[in-house]
Amino acid sequence: MHGGSLSRRPNAGPRTASLGRPTRRALLAAALGAATVAATALTAIAAPTPTAPQGTTTKVTALKATVPAPLRSPAPAAAATPSVYAAVTAANGREYLRLVETSTGRVTATLASVKAPRGGYFGDIDLAPDGSVYAVTHDSSLPNSYQTRLRRYTTKGSTALQPYILTVKVAPDGKTLATTAMSPDGDGDGYGLESLRISRLNGTKLRDLMTSKFGVWAKGTPNVTPGSPAVSAGGTRVLGWLPGGNLAVDWGCCDSGASWIVSSTRANQSSTLPPRRSTLKGTFGTTIIGYKGASVLQLHSDDNYRPLIRWGTAKNYRGQIVARPNSVDWDRLDALARKHGATPLRPSPKTYPYRGAGKVLQASL
């Protein structure tokens with residue numbers, strides 16, 4: 001939905017760095033996500049755990065989520081706060097998908113409880129306008145290096161949707177999904193495909209917005225020979241929906257990063273990810289943290305790898321620099337966006353109270 005989720009998952013406590021994203025948990029952080037070396041990141045899930053069968057039902061207390069209108073004023077007080085947020089929490093070797101009251105931190109529903117495999121079970125999540133939660137999950141039945149599946153969770157159970165999805169954001173009207181995917185070689189041409197696409201609510205493709213091929217070895221795993229496009233495959237994330245039907249997207253691999261704005265209605269805009277033009281390029285920490293109207297607030301770096309905050313648009317990403325912080329707390333990016341008059345794309349795990357067991361790994365409004 002409009003608010004998005006924090007895709008790069010903090011491991012413990014606040015992180016502060018000069019500029020550089022928190023390490024993405026193997027594969028399932030596609031996004032919280034980055035494939036610094038695709039084969040390494042994507043094969044890190046070495047302890048498969050069978051996923052629940054399609055349609056598995058977990059009895060929980062029903063609850064409807066209210067969704068706020070997009071913030072139009074720089075003043076944070078102008079934004080209505082949803083009654084609940086979705087959270088991935090962890091305790092005693094298990095991961096939970098929960099709905100939590102934003103005002104009190106009380107857990108109102110537990111949508112899933114799963115023994116966490118190495119690398120984690122839940123990846124990117126997003127709370128839909130109808131109160132359901134879309135989540136990228138680990139699926140050991142899929143080929144190595146591609147073991148992710150999109151699932152939809154409600155208070156009545158869960159449904160397995162499309163495989164190979166890495167990140168997901170529900171459109172503000174709740175009718176479509178923006179997703180990134182990394183698919184194995186399906187036609188025997190020696191190439192897999194990374195894609196940014198618009199999908200139906202069941203995860204099936206409506207149109208590819210951008211795609212990028214990567215070579216694979218004989219058994220289908222990405223060919224990560226130095227210099228190969230496969231080294232950076234899987235590093236693209238859809239961060240959230242922007243006004244006017246556009247998408248905020250970023251990419252990160254190794255020491256490099258990029259962010260850009262993408263139209264959700266135009267198919268086949270680029271055959272490379274990230275696109276060679278119309279991007280803000282920088283270090284691995286380059287991303288979009290908020291928006292105001294047609295402008296986006298970007299976290300970037302100068303030539304000396306020092307962080308800076310700057311505005312940008314689809315026609316001019318190198319807009320006004322508004323701050324040069326000494327360091328960046330990746331657990332407080334939403335507060336950083338609000339400080340500079342922007343609507344945050346995603347909440348921090350520490351923004352809202354939580355009074356359940358364990359700790360919050362990521363959150364979505």
Looking only at the side chains, is there a donor atom on one of [X] and [Y] sitting less than 3.5 Å from an acceptor on the other?
X      : Y      : value
Ser364 : Asp126 : yes
Arg98  : Thr110 : yes
Thr137 : Arg151 : no

Heavy-atom side-chain proximity of [X] to [Y] below 4.5 angstrom:
X      : Y      : result
Thr102 : Leu365 : yes
Leu99  : Leu111 : yes
Leu299 : Ile309 : yes
Tyr352 : Val100 : no
Arg346 : Leu239 : yes
Leu361 : Phe122 : no
Tyr85  : Pro349 : no
Ile198 : Leu247 : yes

Task: Geometric class of the His138/Tyr121 ring pair [parallel <30°, tilted 30-60°, perpendicular >60°] - done: perpendicular
Task: side chain to side chain donor-acceptor pair (under 3.5 Å) partner of Arg197, chosen from Asp208, Thr211, Thr179 - done: Asp208
- [ ] Have a look at Glu194 and tell me which of Thr236, Thr272, Thr180 forms a side chain to side chain donor-acceptor pair (under 3.5 Å) with it.
- [x] Thr236
For [X] and [Y], work out which heavy atoms get closest and say how close.
X      : Y      : answer
Pro347 : Ala363 : CG-O, 3.7 Å
Val168 : Val238 : N-CG1, 4.2 Å
Ala248 : Ile288 : CB-CD1, 3.9 Å
Pro243 : Gly293 : CG-O, 3.6 Å
Val360 : Ala87  : CG1-CB, 4.2 Å
Pro275 : Lys281 : O-CE, 4.3 Å

Open item on the list: Determine whether Asn246 and Ser263 satisfy the following criterion, side chain to side chain contact (heavy atoms under 4.5 Å, CB included), listing intermediate values before the conclusion.
Closed with: CA-CA 5 Å; Asn246 291 326; Ser263 167; 3.9 Å; yes
Shared ILVMFWY cluster between [X] and [Y], side chains joined below 4.5 angstrom?
X      : Y      : answer
Val328 : Ile289 : yes
Val136 : Tyr96  : no
Val114 : Val133 : yes

Separation between [atom1] of [X] and [atom2] of [Y], rounded to the nearest 0.5 Å:
X      : Y      : atom1 : atom2 : result
Ser83  : Glu101 : OG    : CD    : 7.5 Å
Leu206 : Leu201 : CG    : CG    : 9.0 Å
Arg355 : Arg106 : CZ    : CZ    : 10.5 Å
Leu127 : Tyr153 : CG    : OH    : 14.5 Å
Ser270 : Arg276 : OG    : CZ    : 7.0 Å
Ser183 : Phe214 : OG    : CZ    : 7.5 Å

Open item on the list: For Asp189, is the CG atom crowded, meaning more than 12 foreign heavy atoms sit under 6.0 Å from it?
Closed with: yes
Task: Greater than 12 external heavy atoms within 6.0 Å of Asp255's CG - done: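 No.
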Check whether any side-chain N or O of [X] sits under 3.5 Å from a backbone N or O of [Y] as a donor-acceptor pair, and report yes or no.
X      : Y      : result
Arg149 : Ser140 : no
Asn202 : Thr204 : yes
Asn316 : Arg318 : yes
Trp241 : Lys169 : yes
Arg200 : Lys205 : yes
Arg332 : Lys350 : yes
Gln147 : Leu142 : yes
Asp185 : Gly220 : no
Gln298 : Tyr317 : yes
Gln269 : Val262 : no

Task: Pair Tyr146-Thr221, side chain to side chain contact (heavy atoms under 4.5 Å, CB included): steps then yes or no - done: CA-CA 9 Å; Tyr146 308 95; Thr221 57; 5.6 Å; no
TODO: Show your reasoning for whether side chain to side chain donor-acceptor pair (under 3.5 Å) applies to Thr167 and Asp124.
DONE: CA-CA 5 Å; Thr167 58; Asp124 199 23; 4.6 Å; no
Open item on the list: One pair to check against side chain to side chain contact (heavy atoms under 4.5 Å, CB included): Trp251 and Thr279. What are the steps and the verdict?
Closed with: CA-CA 10 Å; Trp251 168 89; Thr279 60; over 6 Å; no
Open item on the list: Working note: Leu280 + Trp260, criterion side chain to side chain contact (heavy atoms under 4.5 Å, CB included); need CA distance, chi angles, decisive distance, verdict.
Closed with: CA-CA 6 Å; Leu280 178 66; Trp260 66 101; over 6 Å; no
